[in-house]
Amino acid sequence: MPEPALQSPVPPHPAATLILLRDGPDGLELLVMERHAALRFAPGATVFPGGRLEAMDHDPHWHRLWRRLRPDGGPPADLAHRVAALRECAEECGVLLSRDPLAPDTLDDLRRALAAGEGFAAALARAGTVPALDRMAPLARWVTPEMLPRRFDTLFYLAPAPEGQQPVCDGEEAVGTLWASPRRLLAEAEAGQRRLVYATRMTLLRLAGCADRMAAMALACPGQGPGHGIPSPIVPRLVETPSGPVLRIPEGCGFSPLETPAEHVRLG
């Protein structure tokens with residue numbers, strides 16, 4: 001059950017999540033990770049790599065890089081979120097969405113540099129690689145319900161997985177990684193074998209109907225490509241109904257079901 005409502009909603013932390021997609025033997029597969037059981041937020045949960053935005057994600061360096069990648073247009077409003085999503089995925093899972101293939105030694109050096117605390121931009125420059133910031137597409141923007149004391153305003157991105165990279169978890173936030181279909185992950189959660197937070201479960205439900213990577217990428221928000229704005233937020237609300245409390249999301253948001261019994265919801 002969600003925690004009691006606070007007197008005034010806590011401002012949510014800006015965050016970003018990256019959903020890497022590939023075509024497996026049985027169709028669409030996603031990269032997920034298992035969070036460390038000792039973490040404060042979502043301990044032991046199966047999630048997509050991601051996390052809070054940091055000051056370095058807003059550095060003017062990324063604006064200059066974008067203009068080199070896309071000289072026909074200015075940086076998108078969500079550029080810092082894109083940087084954060086790529087950075088968090090590289091830090092937690094050792095996978096970098098790059099514009100060109102990375103040699104195994106180069107990728108290993110990059111992982112070591114990030115693990116040692118080197119800045120993302122500096123580590124990329126030393127590795128001689130360019131992040132594929134323009135190959136990401138926003139799927140949704142999920143905001144933690146207002147009644148919780150720990151909140152996030154998270155952009156969820158879709159992107160084709162880079163070829164030839166195998167995930168290597170950092171052992172701190174991520175203690176395991178897995179490529180799996182949305183249906184498998186949902187079935188394992190239903191059987192009590194996985195813990196899914198609400199936004200992850202809703203995302204898996206939406207992607208479960210996709211036969212392959214191309215179909216999943218087609219779900220990206222219309223008009224939200226490079227140079228466009230940020231998707232409208234989806235803020236679930238706790239609502240009392242005759243059959244009991246439910247978590248409700250707005251109609252037309254692209255996700256279903258619109259109502260989920262509160263006792264079946266995990267928010268953190």
Side-chain angles (χ1 to χ4, degrees), residues 15-37 42-51 85-86 88-90 92-98 101 132 135-142 154-170 173-222 224 231 234 236 247 249 253-258 260 264-268:
T17 286
L18 182 60
I19 307 171
L20 291 176
L21 313 168
R22 75 178 189 184
D23 292 330
D26 299 317
L28 177 66
E29 293 182 341
L30 322 172
L31 178 63
V32 295
M33 65 179 223
E34 182 180 341
R35 286 175 59 82
H36 197 290
T46 296
V47 299
F48 306 112
L86 264 62
E88 288 284 343
C89 186
E92 295 174 338
C93 299
V95 175
L96 176 69
L97 183 62
S98 55
R135 295 180 185 172
M136 308 163 65
L139 173 67
R141 177 184 172 191
W142 284 95
T154 307
L155 277 174
F156 282 62
Y157 289 96
L158 301 171
E163 297 289 341
Q165 296 187 32
Q166 298 300 320
V168 177
C169 59
D170 64 2
E173 292 192 51
V175 295
T177 58
L178 174 71
W179 285 101
S181 71
R183 292 181 183 275
R184 173 186 166 183
L185 295 169
L186 289 165
E188 291 176 351
E190 186 69 21
Q193 299 169 356
R194 292 195 180 277
R195 305 173 71 185
L196 299 176
V197 296
Y198 178 72
T200 302
R201 180 175 179 274
M202 295 298 286
T203 301
L204 291 173
L205 286 170
R206 181 138 188 224
L207 294 173
C210 298
D212 53 25
R213 185 180 69 183
M214 183 178 296
M217 289 297 299
L219 293 180
C221 298
Q224 299 296 336
I234 303 173
L247 207 64
I249 56 177
C253 67
F255 291 80
S256 63
L258 297 181
T260 303
H264 299 158
V265 171
R266 183 182 179 200
L267 295 172

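In this structure, Gln166 CD and Thr177 OG1 are separated by 9.0 Å, a value rounded to the nearest 0.5 Å. Between Arg201 atom CZ and Leu185 atom CG the span is 12.5 Å, to the nearest 0.5 Å. The OG1 atom of Thr17 lies 10.0 Å from the OH atom of Tyr157; values are rounded to the nearest 0.5 Å.
Two residues are said to be in side-chain contact when any heavy atoms from C-beta on lie closer than 4.5 Å; Ile249 and Met202 meet this criterion. Using a 4.5 Å heavy-atom threshold, the side chains of Arg266 and Leu196 count as separate. You'll find the side chain of Met136 reaches within 4.5 Å of the side chain of Leu86, heavy atoms only. In this structure, Pro231 and Phe156 have side chains that are not in contact, with every pair of non-hydrogen atoms separated by 4.5 Å or more. Residues Leu20 and Pro162 form a side-chain contact, since some pair of their non-hydrogen atoms from C-beta on lies under 4.5 Å apart.
A donor-acceptor pair under 3.5 Å is formed between the side chain of Gln165 and the backbone N or O of Leu96.
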Pairs of donor and acceptor atoms involving the side chains of residues 204-216, under 3.5 Å and at least two apart or interchain, shall be tabulated with distances.
{"unit_1": "Arg206", "atom_1": "NE", "unit_2": "Gly254", "atom_2": "O", "d": "3.0"}
{"unit_1": "Asp212", "atom_1": "OD1", "unit_2": "Met214", "atom_2": "N", "d": "3.4"}
{"unit_1": "Asp212", "atom_1": "OD1", "unit_2": "Ala215", "atom_2": "N", "d": "2.9"}

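Within a 6.0 Å sphere centred on CD of Gln193, other residues, nucleotides and ligands contribute more than 12 heavy atoms.
Nearest approach of Phe48 to Leu31, heavy atoms of both residues: CD2-O, 3.7 Å.
Residues that satisfy the salt bridge (Lys or Arg N to Asp or Glu O under 4.0 Å) test with Arg195, not counting sequence neighbours, are absent from this structure.
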